[in-house]
Enquirer: 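I have a structure I would like to understand better, so I am pasting it below and will then ask my questions one at a time.
Positions are given from 1 along the sequence.
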Amino acid sequence: MPYRHPGAPAPKGALSGKPITFYRPKGSQEVRYLIDEGFQAFNAARLSEACRIFSEKMLDAEEDTTIGLTIAGAMTPAGIGGCVVEMMDRGLVDFIISTGANLYHDLHHALNFTLHRGSPFVDDVSLYEQGIIRIYDVLFPASVLLETDAYIRDFLVRWGVDRPVSTAELHFALGQDLLVTHPECREHSVLAAAAACGVPIYTSSPGDSSIGMNVAFHELMNDSGLMIDPNKDVNEICAFILAGKKNGCVILGGGSPKNFYLQGQPTLWEVYGIPKGGNDYFIQITTDQVVWGGLSGATPAEAVSWGKVNPGVLPDTAVAYVDSTIGFPLFCEYVVGSPRGRRPLKQLVHKRDQLVAALRKQAKESVESRAETRK
């Protein structure tokens, strides 16, 4: 689409662009050849390195790595949810930490609403007058938000839970409801596929999204005792990390999901006194830079000082500075097409209580041991 200066009038039929579809990687050997042989230097080489670390080391059955995926940025509106679904189906992702927005926008796809390809160079006042929402170059009618909100509120009433829950429990129940009410969405909805695969999904800032907004409505208007308990989320993530023979992560973007995963190791050693050690593998695809001092751009080397990454494994870390909407589909094509492109599902969503109980037991033993040492 030719460039138009910002503020140019919205074209007639702004919603006439192609629908955003659900791209599912097929394991293209041509893409694997390109990444192995053509991505030779700079960030192309870093992405190639990340692909090899994941497919050759993290997916080694003897390593039995528990793999977390963190997602920041508007990935599901851009159609990247299909890549996440493919990875979950193949057992290549064991749990997810995402911004709430990605899960909310995933619901649009699950409920069969259409998001359209568009242009970022339009008059937003004109879009507003037409009732059109814009996420950079993704366009859709405002009614999509209202109807998605209505589905969430109706689900919360039907679910009937009246107590504190973790975000994983909420998202699992949402996914299960979608599998019943919209079974066709199993192939392209992250929430539905996660429920089918037993992959727990967490949101580090549950109030910072439309799902959380509707949970707040449910409490205010229906006198519900349902609330999100962040303590449950923290302990469940720590329990997964503690139980893992080895631990590794794939980080898209950065932000709160990145820290919420990486803080698990410091929580274990710093707070619970359990010397688990840091991550064994660290892969990040991001446009954030280290020079700004924020967590989003912090390197795995810096994470060593916090106990988030084991100091001896820096060769098994990689940061590719590339837009996730470019880098992650290429990464997934490479991994899906690798000889180790499928693993047994860990189904951690069904093991949360058991693993948290093991965490509690070990933490109590550590507290008692430290108390004895101080005597």
Side-chain angles (χ1 to χ4, degrees), residues 1-25 42-44 47 70-85 98-149 188-190 205 208-211 213 251-258 284-289 291-292 294 296-297 319-333:
M1 181 172 289
Y3 176 83
R4 294 190 302 276
H5 67 82
K12 292 183 178 179
L15 296 177
S16 62
K18 289 184 178 181
I20 302 290
T21 57
F22 323 107
Y23 176 79
R24 294 284 292 268
F42 310 132
N43 280 296
L47 183 59
T70 78
I71 309 173
M75 295 291 102
T76 56
I80 302 302
C83 292
V84 179
V85 171
S98 171
T99 58
N102 272 306
L103 306 178
Y104 177 71
H105 294 306
D106 175 71
L107 285 171
H108 306 333
H109 297 302
L111 299 174
N112 203 31
F113 299 130
T114 302
L115 281 61
H116 296 267
R117 304 185 195 185
S119 167
F121 308 115
V122 293
D123 180 0
D124 286 286
V125 174
S126 177
L127 291 182
Y128 175 78
E129 291 171 349
Q130 297 178 61
I132 297 173
I133 304 294
R134 179 170 74 90
I135 305 175
Y136 189 60
D137 58 355
V138 177
L139 304 175
F140 55 94
S143 59
V144 168
L145 302 180
L146 300 178
E147 293 185 50
T148 303
D149 290 345
H188 57 257
S189 165
V190 172
S205 301
D208 186 23
S209 78
S210 294
I211 293 178
M213 289 153 52
I251 299 166
L252 304 184
S256 181
K258 175 184 177 181
Q284 186 173 9
I285 300 172
T286 185
T287 56
D288 290 301
Q289 296 290 321
V291 295
W292 310 122
S296 292
V319 179
Y321 293 99
V322 59
D323 183 336
S324 294
T325 61
I326 300 170
F328 190 57
L330 289 170
F331 176 88
C332 291
E333 281 287 355

Enquirer: Can you name the side chain to side chain contact (heavy atoms under 4.5 Å, CB included) partners of Y23, sequence neighbours left out?
Expert: P25, C83, P329, E333
Enquirer: Quick one: are R134 and P120 in side-chain contact, heavy atoms under 4.5 Å?
Expert: yes
Enquirer: S324: which residues meet the side chain to side chain contact (heavy atoms under 4.5 Å, CB included) condition with it, sequence neighbours left out?
Expert: M75, L252, I285
Enquirer: Using the side chain to side chain donor-acceptor pair (under 3.5 Å) criterion, which residues pair with D323? Sequence neighbours excluded.
Expert: T325
Enquirer: Would you say I135 and F140 make side-chain contact, with heavy atoms under 4.5 Å?
Expert: yes
Enquirer: Under a 3.5 Å distance rule, please check whether Q284 uses its side chain to pair with a backbone N or O of A320 as donor and acceptor.
Expert: no
Enquirer: Taking side chain to side chain contact (heavy atoms under 4.5 Å, CB included) as the definition, give me every residue that meets it alongside D149, ordered by chain and number, with sequence neighbours left out.
Expert: Y104, R153, S210, N214
Enquirer: Is the closest side-chain heavy-atom distance between V322 and T287 below 4.5 Å?
Expert: no
Enquirer: So, using side chain to side chain donor-acceptor pair (under 3.5 Å) as the criterion, who are the partners of T99 when residues are at least two apart?
Expert: N102
Enquirer: For I80 and F328, what are the C-alpha separation, side-chain angles and deciding distance, and is it a side chain to side chain contact (heavy atoms under 4.5 Å, CB included)?
Expert: CA-CA 8 Å; I80 302 302; F328 190 57; 3.6 Å; yes
Enquirer: Given V144 and I133, is the side chain to side chain contact (heavy atoms under 4.5 Å, CB included) satisfied, shown in steps?
Expert: CA-CA 9 Å; V144 168; I133 304 294; over 6 Å; no
Enquirer: Quick one: side chain to side chain contact (heavy atoms under 4.5 Å, CB included) partners of I132, sequence neighbours excluded?
Expert: A14, L15, L127, Q130, L139
Enquirer: Taking K258 for its side chain and S296 for its backbone only, find out whether a donor-acceptor pair lies under 3.5 Å.
Expert: yes
Enquirer: Quiz question: by atom type and distance under 3.5 Å, do the side chains of T148 and H108 form a donor-acceptor pair?
Expert: yes
Enquirer: Taking the side chain as every heavy atom from C-beta outward, state whether T286 and Y321 have any atom pair closer than 4.5 Å.
Expert: yes
Enquirer: Between atom CD1 of I20 and atom CZ of R117, what is the distance when rounded to the nearest 0.5 Å?
Expert: 6.0 Å
